[in-house]
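Naming convention: chains lettered A, B, ... in sequence-line order (proteins, then strands); numbering from 1 in each chain.
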Amino acid sequence: MEFRQALCKTLTELMEKDPRICVLDADLAKPNGTFPLYEKFQDRCFNAGISEANMASVAAGLSAYGMIPFIVTFTPFASRRICDQIAVSIAYAKQKVIIIGTDPGITAELNGGTHMSFEDVSVLRAIPTMLIYDATDANQLAQALPQLIEYDGPVYVRIPRKTRPDVYKEDYEFKLGKADVVKKGKDVTIIATGTMVYESLVAAEELEKEGISAEVISVNTIKPLDEETILASVKKTNKAITCENHNVIGGLYSAVAEMLCRKYPMHLESIGVQDEFGQVGKYSDLLKAYNMTPEDIKKLVKNII
Amino acid sequence: MNNLEQIAKEIRILNVKCIESIGAGHIGGSLSIVDVLTALYYKEMNIDPKNPKKEGRDRLVVSKGHAGPGVYATLCHKGYFEEKELYTLNKYGTNLPSHCDMNKTPGVDMTTGSLGQGLSCAIGLAVGSKIKKDNATIYAIIGDGESQEGQIWEGAFFASHKKLDNLIVFLDYNRMQLDGYLEEINDSGNMVDKFKSFGFDTYSIDGHNIDLICETIEKAKTVKGAPHMIVLNTTKGKGVEFAEKAGPNCHSMPISKEALEEAIKGLK
């Protein structure tokens, strides 16, 4: 299932049950999959047009009136464009707004550099109280949304719009704030997030055939970080890399490094965008361009072992 | 002098005393909105100082959040908190920070301070009231300098498109901003025409005539299908001679004990 289909389906169910939930878009309701909600919930869906700043502060006002607003737009507009509105109208004012940023990093594909956010996590992670969740697959997203509504604080969610390979089986149970060990291993820990969990699993399975046992952790929430699960793994392997679809500055690599520096100082390597801008290209081309393929992951793992 | 004018004078005195207690502050833009605050809190708004979060109450967003001291003086006068709290302004640990904070001060309905955002927040409150069908009126006060922010116009577009007739916006048109006069910095031109062209039901009145402010609010409430803009032609620092004389420099200025006494004498 496409992420956006999971988003629309789950929001439909949630909005049927909870009259506080409302949805705001900024002229991207069709590509982001929320458009069908407008017919079903006419009084609770608002298209702000191309005015993300207004949308974010209107959502804060709705929250102050007891509603639970979702705002949905592409990741660069959901983060760097409205950073101050998120910081002041939403987070500082203690308003519960759920920000859905779509097509993070290289999943922006053919929209290219202007629309390719490699800094959204970095920008928003430094705002106190923000929860940052990088979705792994559509099934996980569907389970996460109701739990995110229950979370006491503003939320930023990164999802691709379209289909990415499933990581979790039907019986998977998502627990907000908890990382998942998606493959057990003993030689090295691959700490991954979002769409890079799948690429890490592919790499880990190939490494297994070559006699290297890699443990893969899907981090889910970059903030708050599940320190316990990460520490338990790295204390066992003493070797680790991070894998993220984001600039390594300020994203998962930074978050894990900050934590390990304090609690278990060790060498840590990174797969991710090494402080570069985006560009047009298909997902597979961009994975190669930024050295984020399973081959690149394998190479880095072998280097540190 | 009628009763509301007397109240406004008392609020102005509290406003100056409040700022004097920390030695300096945003006096100009606070004093210029005291009359509209008096009209709102003493005549127009459905509120209860004993129950600041009452369901279905009318709400005010002071989008020009630096007018906090003016708002605090009004809330204090109305009985939201005791006078001694007024003199904690900007002191460490206070509930009265420089810019309005809904999580700290009883009676403050929205956190503001980063200019341009409060109008959109007020729009969100107005939409919320429409969803809940509770017939509340949402008020917002924006600054003329603040209107240089693009977000004000994003909000104006949206409020008008959504026909938010439960939203009454005041523009504090004192024609000054921090660095100087609007016409020197970045002239806003005819603000009434601008909001009218955005689809607002517009008025332009003396912003220091409380009865006229009340009459205009009542008139605006009868106009359906559009948000309302009441341009208040005001004087920055109104009612305090040294502040008025300072012109744009009264945006934020020091206030000594002597200056306070002079201000109180002038107001009485």
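- In this structure, a donor-acceptor pair under 3.5 Å is present between the side chains of A:Asp275 and A:Asn247.
- No part of A:Ala59 comes within reach of chain B, as not one of its non-hydrogen atoms sits under 4.5 angstrom from that chain.
- A salt bridge is absent between B:Lys224 and B:Asp165; no separation between the charged side-chain nitrogens and carboxylate oxygens falls under 4.0 Å.
- Partner A:Met130 forms a side chain to side chain contact (heavy atoms under 4.5 Å, CB included) with one of A:Val155, A:Ile86, A:Val123, A:Ile222 and no other, that one being A:Ile86.
- Using modelled atom types and a 3.5 Å distance limit, the side chains of B:Ser188 and B:Asp144 yield no donor-acceptor pair.
- If you measure heavy-atom distances from B:Ser129 to chain A, the contacts under 4.5 Å come from both the backbone and the side chain.
- Residue B:Leu119: no heavy atom, backbone or side chain, is found under 4.5 Å from chain A.
- Proximity to chain A (any heavy atom under 4.5 Å) is shown, for B:Leu125, by both the backbone and the side chain.
- Each of B:Gly113, B:Gly128, B:Gly150 has some count of heavy-atom pairs under 4.5 Å with chain A, and the biggest count is that of B:Gly128.
- A:Lys9 and A:Glu13 are joined by a salt bridge, as a carboxylate oxygen and a charged side-chain nitrogen come within less than 4.0 angstrom of each other.
- Residue A:Gln42: no heavy atom, backbone or side chain, is found under 4.5 Å from chain B.
- B:Lys162 touches chain A through its side chain: at least one heavy atom from C-beta onward sits under 4.5 Å away, while N, CA, C and O do not.
- Evaluated for a side-chain hydrogen bond (donor to acceptor under 3.5 Å, both in side chains) with A:Tyr133, the options A:Gln140, A:Arg158, A:Gln147 yield exactly one hit, A:Gln140.
- Note on A:Val88, A:Asp84, A:Asp43: by heavy-atom pairs under 4.5 Å with chain B, the leading option is A:Asp84.
- Between chain A and the residues B:Arg59, B:Glu55, B:Lys104, the most heavy-atom pairs under 4.5 angstrom are made by B:Arg59.
- Ion pairing between A:Arg125 and A:Glu258 holds under the 4.0 Å rule for side-chain N and carboxylate O.
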